[in-house]
K.L.:
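Encoded as structure tokens, here's the structure I'll be asking about.
Just so you know, ligand 1 is whichever comes first in the structure, and atom 1 is the first atom listed for that ligand. The first residue of the sequence shown is numbered 1, and numbering continues consecutively from there.
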Amino acid sequence: PFDVLIVGGGPAGAAAAVYAARKGIRTGIASERFGGQVLDTLGIENYISVKETEGPKFALALEEHVRHYDVDIMNLQRAKALKAGDVVEVELESGAKLKAKTVILSTGARWRNINVPGEKELKNKGVAYCPHCDGPLYKGKRVAVIGGGNSGVEAAIDLAGIVKHVTLVEFDTRLRADAVLQEKLRSLANVDVILNAQTTAITGTDKVDGLTYKDRASGEEKRVDLEGVFVQIGLVPNTEWLKGSLELSKHGEIMVDARGQTSMPGVFAAGDCTTVPFKQIVIAAGDGAKAALSAFDHLIRH
Ligand code: FAD
């Protein structure tokens with residue numbers, strides 16, 4: 001069996017692999033798409049010590065760093081089940097069953113899409129999902145935030161401090177964010193809130209120039225001119241395959257303690273698929289290192 005088997009090859013999994021391999025223990029990493037979400041990212045400007053890079057370049061650097069060590073890399077492999085035991089078993093969609101003394105889950109997450117015309121076509125051309133990542137690109141411009149839950153309202157408050165104007169568009173007749181956030185939002189002069197509005201399209205040819213929505217009360221179609229749209233209707237952890245085998249939060253995130261330990265002995269988790277607050281590359285990487293050290297600690301005690 002592997003000493004450490006990592007499932008997921010994003011920043012969290014790559015960091016875990018490097019840290020585990022450097023302990024001289026038998027390490028494997030199985031992932032569907034090595035690199036993870038950074039493969040879909042254009043510019044990265046907040047990974048400390050790297051002033052500026054591009055997602056695909058960063059993903060390649062992750063893989064190169066892992067390949068520098070003796071790690072069994074299993075690409076294009078999707079895990080479908082996890083079984084507890086003295087030796088933990090990870091079953092892949094291919095039918096293969098991998099055995100490991102410890103497992104690190106780092107399957108990441110995906111932004112929920114709004115699935116309107118223009119979203120896919122204008123991704124990274126004005127359609128964004130992460131205010132911490134892309135907010136500064138819209139300095140002095142007009143943006144919309146779609147979604148009035150906590151993440152949408154937080155994004156609108158955050159962006160209002162950077163951009164010229166924010167329009168928050170919510171489908172429901174009221175915002176669902178915590179009252180303190182709503183209060184803060186209402187105190188901001190450069191934010192408009194549109195309720196009961198169904199976004200129907202994000203428009204623009206090679207970059208975003210606006211969005212259209214249906215006023216759900218009147219049925220009327222309306223338009224807002226702007227340069228950016230932040231879709232904030234949820235981040236979905238890639239943990240569907242773990243339901244029933246370990247403890248997940250109500251949002252489907254893997255519950256972890258401060259050491260990355262999950263509810264299953266010998267199984268650790270790191271990055272966007274967990275309850276760790278704030279989903280960022282630097283956080284996921286740090287988390288992966290932490291989970292690997294915890295797994296190593298577990299191995300020397302068992
Ligand atoms: P992920 O990167 O999601 O990697 C998950 C890995 O698990 C992938 O290899 C995936 O293929 C694999 N996987 C999933 N399910 C399975 C399965 N069942 N079996 C096997 N493998 C599986 N953060 C920043 O800090 N700065 C930025 O500028 C930035 N920009 C972003 C822009 C975009 C468009 C997006 C989408 C995200 C951005 N982020 C940014 C967020 C950042 O990418 C994530 O926080 C980070 O990638 C999380 O790392 P992770 O390793 O936890 O998960």
K.L.:
Is it true that a side-chain atom of Asp287 and a backbone atom of Ala270 form a donor plus acceptor pair closer than 3.5 Å?
P.N.:
no
K.L.:
Suppose I only count heavy atoms of Lys279 and a 4.0 Å limit; which atoms of ligand 1 are within that range?
P.N.:
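Selected atoms, number and element: 45 (O).
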K.L.:
Within ligand 1, which atoms have a heavy atom of Ala79 less than 4.0 Å away?
P.N.:
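Atoms satisfying the 4.0 Å criterion: 17 (C), 18 (N), 19 (N), 20 (C).
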K.L.:
For atom 7 (O) of ligand 1, what is the nearest protein heavy atom, given as residue, atom name and distance?
P.N.:
Gly8 CA, 3.2 Å
K.L.:
With a 4.5 Å limit on heavy-atom distance, are the side chains of Ile6 and Val4 in contact?
P.N.:
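SC-SC contact between Ile6 and Val4 confirmed.
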K.L.:
Looking only at heavy atoms, is any part of Tyr47 under 4.0 Å from ligand 1, and if so is it the side chain, the backbone, or both, or is it neither?
P.N.:
neither
K.L.:
For Phe58 and Tyr47, I'd like to know if the aromatic rings sit close, meaning centre-to-centre distance below 6.0 Å.
P.N.:
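Ring-ring flag for Phe58/Tyr47: true, centres closer than 6.0 Å.
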K.L.:
Which protein heavy atom lies closest to atom 42 (C) of ligand 1, and at what distance to 0.1 Å?
P.N.:
Ile281 CG1, 3.7 Å
K.L.:
How many angstroms lie between atom OG of Ser249 and atom CE of Met255, to the nearest 0.5 angstrom?
P.N.:
6.5 Å
K.L.:
Does Tyr213 have Lys222 sitting over its ring (NZ/CZ under 6.0 Å from centre, angle to axis within 45°)?
P.N.:
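Relative to the ring axis of Tyr213, which defines the angle, Lys222 lies outside at least one limit.
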K.L.:
Which ligand 1 atoms, with their elements, are less than 4.0 angstrom from a heavy-atom of Gly43?
P.N.:
28 (O)
K.L.:
Using a 3.5 Å cut-off on N or O atoms only, is Gln37 in polar contact with ligand 1?
P.N.:
yes
K.L.:
Starting from atom 26 (N) of ligand 1, what is the nearest protein heavy atom, named by residue and atom, and what distance separates them?
P.N.:
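Result: Asn46 OD1, 2.8 Å.
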K.L.:
Tell me which protein heavy atom sits closest to atom 20 (C) of ligand 1, plus the residue, atom name and distance to 0.1 Å.
P.N.:
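Closest protein heavy atom to atom 20 (C) of ligand 1: Gln77 O, 3.3 Å.
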K.L.:
Quick one: does Ile202's side chain get under 4.5 Å of Val116's, heavy atoms only?
P.N.:
yes
K.L.:
Looking only at heavy atoms, is any part of Ala14 under 4.0 Å from ligand 1, and if so is it the side chain, the backbone, or both, or is it neither?
P.N.:
neither
K.L.:
Identify, for atom 34 (C) of ligand 1, the protein heavy atom at the shortest distance, and state residue, atom and that distance.
P.N.:
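Here the closest protein heavy atom is Asp40 O, 3.7 Å.
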K.L.:
If you apply the rule salt bridge (Lys or Arg N to Asp or Glu O under 4.0 Å), what do you find for Glu253 with Lys279, and how did you get there?
P.N.:
CA-CA 12 Å; Glu253 301 162 321; Lys279 314 305 195 204; 3.2 Å; yes
K.L.:
Hey, mind stepping through Asp209 and Lys207 against salt bridge (Lys or Arg N to Asp or Glu O under 4.0 Å) and telling me if it holds?
P.N.:
CA-CA 6 Å; Asp209 64 16; Lys207 50 188 198 296; over 6 Å; no
K.L.:
Starting at NE2 of His251, measure out to OG1 of Thr275 and round the result to the nearest 0.5 Å.
P.N.:
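Result: 10.5 Å between the selected atoms.
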K.L.:
Report yes if some N/O of Glu45 lies less than 3.5 Å from some N/O of ligand 1; otherwise report no.
P.N.:
no
K.L.:
Under a 4.0 angstrom heavy-atom cut-off, which atoms of ligand 1 come close to Gly271?
P.N.:
52 (O)
K.L.:
Would you check the N or O atoms of Asn238, main chain and side chain alike, for any that come under 3.5 Å of an N or O of ligand 1?
P.N.:
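Min N/O separation from ligand 1 is not below 3.5 Å for Asn238.
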K.L.:
Under 6.0 Å between the ring centres of Phe230 and Tyr138?
P.N.:
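Aromatic pair counts; centres sit under 6.0 Å.
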K.L.:
Give me the nearest non-hydrogen protein atom to atom 38 (C) of ligand 1 as residue plus atom name, then the distance to 0.1 Å.
P.N.:
Thr41 OG1, 3.9 Å
K.L.:
Heavy-atom distance under 4.5 Å between the side chains of Glu45 and Val50, does that happen here?
P.N.:
no
K.L.:
Is there side-chain contact between Asn75 and Ile73, with heavy atoms separated by less than 4.5 Å?
P.N.:
yes
K.L.:
Tell me the protein heavy atom at minimum distance from atom 29 (C) of ligand 1, and give that distance in Å.
P.N.:
Cys133 SG, 2.9 Å
K.L.:
With a 4.5 Å cut-off on side-chain heavy atoms, are Arg223 and Asp225 touching?
P.N.:
yes
K.L.:
Going by distance only, is there an N or O of Cys130 that falls short of 3.5 Å from an N or O of ligand 1?
P.N.:
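Among all N and O atoms of Cys130, none is under 3.5 Å from an N or O of ligand 1.
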K.L.:
Can you find an N or O of Glu32 that's nearer than 3.5 Å to an N or O of ligand 1?
P.N.:
yes
K.L.:
What atoms of ligand 1 come within less than 4.0 Å of a heavy atom belonging to Ala109?
P.N.:
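Checking each atom against Ala109, I get 3 (O).
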K.L.:
For Ser106, counting its heavy atoms only, list the atoms of ligand 1 lying under 4.0 Å from any of them.
P.N.:
5 (C), 6 (C), 7 (O)
K.L.:
Please write down residue, atom name and distance for the protein heavy atom closest to atom 14 (C) of ligand 1.
P.N.:
Thr107 O, 3.2 Å
K.L.:
Just to verify, which of Lys80, Lys99, Lys101 counts as forming a salt bridge (Lys or Arg N to Asp or Glu O under 4.0 Å) with Glu89?
P.N.:
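For Glu89, the salt bridge (Lys or Arg N to Asp or Glu O under 4.0 Å) test succeeds with only one of Lys80, Lys99, Lys101, which is Lys99.
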K.L.:
For His302 and Asp86, test the side chains for any donor-to-acceptor distance below 3.5 angstrom and give the result as yes or no.
P.N.:
no
K.L.:
Looking only at distance, does Asn124 have an N or O less than 3.5 Å from an N or O of ligand 1?
P.N.:
no
K.L.:
Hey, which atoms in ligand 1 end up nearer than 4.0 Å to a heavy atom of Gly9?
P.N.:
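Answer, ordered by atom number: 6 (C), 7 (O), 8 (C), 9 (O).
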K.L.:
Using a strict cut-off of 4.0 Å, indicate which atoms of ligand 1 neighbour a heavy atom of Trp111.
P.N.:
35 (C), 36 (C), 37 (C)
K.L.:
Output, in order, the C-alpha distance, side-chain angles, deciding distance and verdict of salt bridge (Lys or Arg N to Asp or Glu O under 4.0 Å) for Asp172 and Arg216.
P.N.:
CA-CA 9 Å; Asp172 207 349; Arg216 294 174 65 224; 5.2 Å; no
K.L.:
With backbone taken as N, CA, C and O and side chain as the heavy atoms from C-beta onward, which portion of Val7 lies under 4.0 Å from ligand 1: side chain, backbone, both, or neither?
P.N.:
side chain
K.L.:
Taking N or O atoms only and a 3.5 Å limit, does Asp134 qualify as a polar contact for ligand 1?
P.N.:
no
K.L.:
Which bit of Lys80 is near ligand 1, meaning a heavy atom under 4.0 Å away: side chain, backbone, both or neither?
P.N.:
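Neither part.
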K.L.:
How does Trp241 reach ligand 1, by side chain, by backbone, by both or by neither, if only non-hydrogen atoms under 4.0 Å count?
P.N.:
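For Trp241, the contact with ligand 1 is made by the side chain alone.
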K.L.:
Can you tell me which portion of Pro11 lies within the under-4.0 Å heavy-atom range of ligand 1? Options are side chain, backbone, both, or neither.
P.N.:
both
K.L.:
In terms of side-chain heavy atoms, does Thr200 have a donor or acceptor partner in Glu221 at a distance below 3.5 Å?
P.N.:
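Their side chains do contain a donor-acceptor pair, which is all the 3.5 Å distance test asks for.
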